[in-house]
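Counting from 1, the numbers follow the sequence of the chain as shown. Remember, predicted model here, so these are calculated numbers, not experimental data. No hydrogens, no waters, no symmetry mates; every other heavy atom, side chains included, goes into these values.
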Amino acid sequence: MNKLLPGLGLCAAVALAATAVNSQVPLLSAMLLAILVGVVLRNTGLVPQAAEPGLKVAGRTVLRAGVVLLGLRLSLPAVLELGWGAVGVIVVTVVAVFAATLWLGRVLAVPRATTLLTATGTAICGAAAVAGMSAVVSGGEQDDDVESAAATAIASVTLFGTLGILLLPLLVGVLGLSPVPAGVWVGASVHEVGQVVAAGGLVSQEVLEVAVVAKLGRVVLLAPLVALVGVWEGRRQARRVGAQVVGAEVAQVLAGRPVTHPRRQAPLVPLFVVGFLAMVAARSLLEGTVPAWVLGWAGQAASFLLTMAMCAMGAGVDLRRLTRNGLRALGLGGAAGLVSLLVSWLAVILLV
């Protein structure tokens, strides 16, 4: 534990500062601030060697704990109260945006991990979704490590989600949408929960309430999406490791040594995803019986743990790698945001 304290303490201090800034300037995402501070500390040589073990734990274990607690924000009955038309808008938007972003990433030659994390952040819930998905994405390519990909994706979804705060209220007024369709559109298209609150509040209180529930409906889909990608990534990693094992076994046979067969296998669905779903179920079943302050503290704890993890991930970023694909990645984020805006609008017209 003594080895972990310096790194965990550094991440906690950065998370406290980022959270304080975010409370005063809500448009500045605490997670984005934390990852930027981590990048600066790493690339100016200010990360002490003693902090390295704690940074690794923050980037993995603390990250997973934050995703699990995130489930306590979500109530399925509240989402279903919007009606099946709104649920259809949410599902169609998430699937279409995720698939379109993966395709656009290949067209723009954006590295795989950056494309995958940008797709998740745009389709689901911004920085928190990027954090959750980064726990199952495998890097390995020289210019596409997960830390750099997460930093790029978070910067992208934060930028274009902020533009959505300014754009959506104007479009709602121009199109003359009533509160429920307007709220569903805002909740289904704007990236971050905080950005949804800001955009919906600029229209009306009724639109705000509908938008937040619609947004949380998107967050519910984080778990199945992470589970599917986790299986995909696990198989991809298994093929890579399998090829290495075959080569090692051939070398052992040629050298006349006994052949060893590693049998370690990762769980089909990551355990933190199971924990996330358990928290969603608990919140849904206990709705109205758990004091609001308990749920409020759980939500704040989730945000704080994820912000700590973002500091650790930022501290793993090499700016020289990050800048190689920065412009293309921002172009991908802008295109994905436009797809989200258009697809959700069409779905609202047809289903709500």
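- Side-chain atoms of Thr122 do not come within 3.5 Å of backbone N or O of Ala119 as any donor-acceptor pair.
- Rounded to the nearest 0.5 angstrom, Ile90 CD1 and Arg218 CZ are separated by 8.5 Å.
- Side-chain atoms of Thr115 come within 3.5 Å of backbone atoms of Val110 as a donor-acceptor pair (strictly under, hydrogens ignored).
- Contact check for Leu163 versus Leu167: no side-chain heavy atoms found under the 4.5 Å cut-off.
- Between the CG atom in Leu338 and the CG atom in Leu104 there is a gap of 10.0 Å [rounded to 0.5 Å].
- Note: Asn22 CG to Thr19 OG1 = 7.0 Å, rounded to the nearest 0.5 Å.
- The line from CE of Met313 to CE of Met308 is 14.0 Å long, rounded to the nearest 0.5 Å.
- With rounding to the nearest 0.5 angstrom, the CG atom of Leu102 is 10.5 Å from the CZ atom of Arg112.
- Using a 4.5 Å cut-off on side-chain heavy atoms (C-beta onward), Leu63 and Leu306 make contact.
- Contact of the Val62 side chain with the Leu8 side chain is registered, since non-hydrogen atoms from C-beta on lie closer than 4.5 Å.
- For the pair Trp185 (side chain) and Ala211 (backbone), a donor-acceptor distance under 3.5 Å is absent.
- Both Leu177 and Ile349 belong to a single network of hydrophobic side chains, linked directly or stepwise wherever heavy atoms of I, L, V, M, F, W or Y lie under 4.5 Å apart.
- For the residue pair Leu286 and Thr289, the shortest heavy atom distance occurs at O-OG1, 2.6 Å.
- Nearest heavy atoms, Gly121 versus Ala129: CA-CB, 4.2 Å.
- Under the 4.5 Å side-chain heavy-atom criterion for Ile, Leu, Val, Met, Phe, Trp and Tyr, Leu74 and Leu285 are members of distinct hydrophobic clusters.
- At distances below 3.5 Å, not a single donor-acceptor pair connects side-chain atoms of Thr158 with backbone N or O atoms of Ala155.
- Put simply, the side chain of Lys215 gets close to the backbone of Ile124: a donor and an acceptor are under 3.5 Å apart.
- The side-chain heavy atoms of Val229 and Phe98, taken from C-beta on, include a pair separated by under 4.5 Å.
- Taking the side chain as every heavy atom from C-beta outward, Val130 and Thr120 never approach each other to under 4.5 Å.
- In this structure a side-chain-to-backbone donor-acceptor pair under 3.5 Å is present from Glu192 to Ala127.
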**Stepwise side chain to side chain contact (heavy atoms under 4.5 Å, CB included) check, Leu341 with Leu171** = CA-CA 10 Å; Leu341 186 71; Leu171 292 176; 4.2 Å; yes
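- With a 4.5 Å cut-off on side-chain heavy atoms, Phe272 and Val136 count as touching.
- Residues Val91 and Leu221 share a closest heavy-atom pair of CA-CD1, 4.2 Å.
- Across Ala58 and Ala309, no two heavy atoms sit closer than the pair O-CB, 3.4 Å.
- In the hydrophobic clustering of ILVMFWY residues, with side-chain heavy atoms under 4.5 Å counting as a link, Leu55 and Met310 come out apart.
- In terms of hydrophobic clustering, with Ile, Leu, Val, Met, Phe, Trp and Tyr side chains grouped at heavy-atom distances under 4.5 Å, Val210 and Leu175 are assigned to a common cluster.
- Side chains of Leu168 and Ser189 form a contact here, defined as non-hydrogen atoms less than 4.5 Å apart.
- The same ILVMFWY cluster, assembled from side-chain heavy atoms under 4.5 Å apart, contains both Trp232 and Val146.
- For the atom pair Trp345 CH2 and Leu350 CG, the distance stands at 10.0 Å (nearest 0.5 Å).
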**Item:** Test log, rule side chain to side chain contact (heavy atoms under 4.5 Å, CB included), inputs Val172 and Val207
**Value:** CA-CA 10 Å; Val172 166; Val207 169; 5.7 Å; no
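- With hydrogens and angles ignored, the 3.5 Å screen pairs no side-chain donor or acceptor of Ser340 with any backbone N or O of Val97.
- Looking at Glu52 and Arg42, a side-chain N of the basic residue comes within less than 4.0 Å of a carboxylate O on the acidic one, giving a salt bridge.
- By the 4.5 Å heavy-atom criterion applied to side chains, Val352 and Val89 are counted as neighbours.
- No donor-acceptor pair under 3.5 Å is formed between the side chain of Arg73 and the backbone N or O of Leu216.
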